[in-house]
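Heads up: the structure comes next, in structure tokens.
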Amino acid sequence: MAAAEKSTKERLMSVLDDLEVLSRELIEMLALSRSQKMPQPGEDTQILELLVQRDKEFQELMEVAQQQGKVHQEMQLLEKEVEKRDSDIQQLQKQLKEAEHILATAVYQAKEKLKSIERARKGSISSEEIIKYAHRISASNAVCAPLNWVPGMCQALCISHWVLVKVHVQLHSLLSYLKGDPRRPYPTDLEMRSGMLGHMANLSTNGVNGHLPGDALAAGRLPDVLTPHYPWQSSDVSVGMLPPHHGNDFGLEPPGHNKENEDDVEAMSTDSSSSSSDSD
Amino acid sequence: MESGIETCVLVGVLRWHEQARNRFQLELEFVQCLANPNYLNFLAQRGILRDRSFINYLKYLLYWKEPEYAKFLKYPHCLHMLELLQYEHFRKELVNAQCAKFIDEQQLLHWQHYSRKRMRLQQALAEQTQAQPQTAPPHGNAAAK
């Protein structure tokens with residue numbers, strides 16, 4: 001509809017053109033009427049009427065144009081306002097985005113902190129227990145060599161190219177110097193054989209000739225009193241402690257993959273056998 | 001009749017408990033034996049480290065790393081050995097006696113680390129105290145002159 005209507009400018013121009021034409025005709029007629037006497041009596045009034053009509057139209061159109069101009073000005077003002085508001089909104093949007101980003105980071109870091117607090121609390125052990133345990137493993141020389149520990153001759157030969165051995169030989173320790181201090185950071189043969197495992201093994205292979213007191217006990221030649229009791233068995237400490245459940249058969253593949261296959265993309269086939277069934 | 005069933009159940013539970021306790025003791029001893037590199041070499045040479053069920057058993061033994069179980073270990077080196085034993089490469093290497101000897105030497109050296117450090121500190125302290133009385137007399141002589 002708007003396309004069919006002519007714009008105010010065009011209408012004004014057309015009216016102006018009409019006015020021009022009409023006034024020219026009128027003037028021509030007036031000029032002619034001077035020389036000739038009234039060729040067409042009604043025409044000049046017609047043209048006058050048309051002229052007046054056109055003039056009225058023209059005035060109306062001018063009014064319309066004025067109003068349109070005002071409206072256009074208002075529109076421009078409003079547009080400016082709109083632009084300003086737009087930029088305000090965009091600014092706010094940017095600030096909100098920044099704030100959201102900062103908050104998200106803060107929340108994430110807080111969550112991480114909470115996670116690590118949880119982990120720390122889960123793994124917390126009383127300091128008294130730690131000190132007790134530290135004392136137990138240090139006093140028994142399991143993690144720190146005794147101050148007077150001397151390696152034997154063969155041991156000294158093995159490690160002499162790394163360590164300069166200071167020799168303090170006393171008469172009563174001459175033998176121990178030659179043999180070396182038998183203490184080690186791991187259970188020795190003697191200790192291993194005198195434990196539960198050693199007894200079980202000796203029971204199955206009865207009659208094995210052993211040179212150690214543990215073996216002699218297993219073969220039934222020594223009384224119980226002489227069994228060397230090594231504190232690594234800690235039977236008194238571990239009263240009430242039970243191992244975790246496991247299925248009887250270790251032959252089947254446990255669920256999950258072994259460490260050497262960590263590079264493989266596919267997990268190994270899981271015939272999961274580990275149920276919480278009791279042994280026997 | 002019911003008390004009979006109850007006693008049976010009780011006896012069963014007690015027996016199970018005792019068996020579990022024995023198993024605990026055995027596993028405690030065995031896992032600590034793993035700290036001995038010579039024993040590991042012994043196991044490797046008999047092909048025990050290649051057995052699938054033994055490898056699974058070693059994985060099962062990792063429960064000794066938990067604090068409530070680890071506090072019973074007297075020889076904590078065994079935990080490190082247990083971790084290394086999870087890798088096939090390490091198990092293969094242990095067949096060599098030289099490998100076991102090297103591990104033994106390194107273990108002993110590490111074991112002696114703190115005592116040696118302490119000895120060095122004591123020596124340093126002794127040297128310091130020796131040096132101080134020696135510096136005092138020359139001043140005394142100079143003053144006398």
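The structure displayed is predicted, hence computed values, not measured ones. Numbers restart at 1 for each chain; the letters A, B, ... are given by sequence-line order, proteins then strands.
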Atom group of A/Leu197 that falls short of 4.5 Å from chain B, counting heavy atoms: both
Under the side chain to side chain contact (heavy atoms under 4.5 Å, CB included) test, which residues partner B/Phe42, sequence neighbours left out?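 If we apply the side chain to side chain contact (heavy atoms under 4.5 Å, CB included) test to B/Phe42, skipping adjacent residues, the hits are B/Tyr39, B/Arg46.
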Holding to side chain to side chain contact (heavy atoms under 4.5 Å, CB included), I want the full list of residues that pass it with B/Ser115, two or more places apart in sequence or in another chain.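 Testing B/Ser115 for side chain to side chain contact (heavy atoms under 4.5 Å, CB included), a comparison that skips the adjacent residues, returns A/Cys144, A/Ala145, A/Leu147.
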Over all heavy atoms of both residues, which pair between [X] and [Y] is shortest? Give the atoms and the distance, please.
| X | Y | answer |
| --- | --- | --- |
| A/Ile125 | B/Pro67 | CD1-CB, 3.6 Å |
| A/Glu191 | B/Tyr75 | OE1-OH, 2.8 Å |
| A/Pro187 | B/Asn36 | O-ND2, 3.0 Å |
| A/Met192 | B/Cys33 | SD-SG, 3.2 Å |

Closer than 3.5 angstrom, by distance alone: can the side chain of [X] be matched with the main-chain N or O of [Y] as a donor-acceptor pair?
| X | Y | value |
| --- | --- | --- |
| A/Tyr133 | B/Lys74 | no |
| A/Arg184 | B/Asp104 | no |
| B/Trp111 | A/Asn141 | yes |

Could you tell me whether B/Arg118 atom CZ has more than 12 heavy atoms of other residues or ligands within 6.0 Å of it? no
More than 12 heavy atoms of other residues, nucleotides or ligands under 6.0 Å from CD of B/Glu68: is that the case?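 More than 12 within 6.0 Å, yes.
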B/Asp51 versus chain A, heavy atoms under 4.5 Å apart: side chain, backbone, both or neither? neither
Side-chain contact test, heavy atoms from C-beta onward, threshold under 4.5 Å: evaluate it for B/Leu26 versus A/Met200 and give yes or no. yes
Using non-hydrogen atoms and a limit below 4.5 Å, what part of residues 88-120 of chain A faces chain B?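 Heavy-atom contacts from residues 88-120 of chain A to chain B are absent.
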According to salt bridge (charged side-chain N to carboxylate O under 4.0 Å, His left out), who are the partners of A/Lys132, at least two apart in sequence or on a separate chain? none
Test side chain to side chain contact (heavy atoms under 4.5 Å, CB included) applied to A/Tyr186 and B/Leu40, B/Asn38, B/Leu34, the passing residue: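 Only one option passes, and that is B/Asn38.
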